[in-house]
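Report on one structure; see the data block that follows.
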Amino acid sequence: MQALIDFINNFWESCKNFINWIFELLIPVLAKVFQFIMDIVFRVVKEFLSALDFGSYGLSYASHWLSLPDQLIYLLNACMVPQALTLLAGAYTLRFVLNLIPASFTRV
């Protein structure tokens, strides 16, 4: 009877060791595949954004802010308008990203 119990315990330990070995092998492989895919995605996005040339738009937008009188710039900074614009931009970005999730996943 003791031999049967030892066999079951050894078999169970062997199964656990095999599963751990598979996960130790599988996780780095999946990480490399994910890294490869994300590298391709980021490269495509980078090339797409570099083709759009947002630099001139940003500089012209900044020049409009710099053309304001100093008193108005001080008042806008005192009222924290730049922080509010940043907060709104982040909120809209988050809303757009969350709208990409299908409703079937979010409503249970």
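When the side chains of ILVMFWY residues are joined at heavy-atom separations under 4.5 Å, either directly or via intervening members, I101 and L94 end up in a single hydrophobic cluster. Under the 4.5 Å side-chain contact rule for hydrophobic residues, I27 and L30 do not share a cluster.
Residues satisfying the side chain to side chain donor-acceptor pair (under 3.5 Å) test with Q71, not counting sequence neighbours, are none. Taking the side-chain contact (heavy atoms from CB on, under 4.5 Å) definition, one finds that Y92 meets it with R95, F96, sequence neighbours left out.
Here salt bridge (Lys or Arg N to Asp or Glu O under 4.0 Å) pairs that include residues 32-47, with residues two or more places apart or in two chains, are D39-R43.
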When the side chains of residues 13-25 are checked against the rest of the protein, which donor-acceptor pairs come out under 3.5 Å, sequence neighbours left out?
unit_1: E13; atom_1: OE2; unit_2: K16; atom_2: NZ; d: 3.4
unit_1: S14; atom_1: OG; unit_2: N10; atom_2: O; d: 2.8
unit_1: N17; atom_1: ND2; unit_2: E13; atom_2: O; d: 3.2
unit_1: N20; atom_1: ND2; unit_2: K16; atom_2: O; d: 3.3

List the atom pairs, with distances to 0.1 Å, where a side-chain N or O of residues 74-87 and a protein N or O form a donor-acceptor pair under 3.5 Å, not counting sequence neighbours.
unit_1: N77; atom_1: ND2; unit_2: I73; atom_2: O; d: 3.4
unit_1: T86; atom_1: OG1; unit_2: P82; atom_2: O; d: 2.9

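Here F42 sits in one hydrophobic cluster together with F34, M38; the rule is ILVMFWY side chains under 4.5 Å apart, joined directly or through other members. Residues near V97 contribute nothing to a hydrophobic cluster around it, because no ILVMFWY side-chain heavy atom sits closer than 4.5 Å to its side chain. Through side-chain heavy atoms spaced under 4.5 Å, either directly or across other Ile, Leu, Val, Met, Phe, Trp or Tyr residues, L66 is tied to no other residue.
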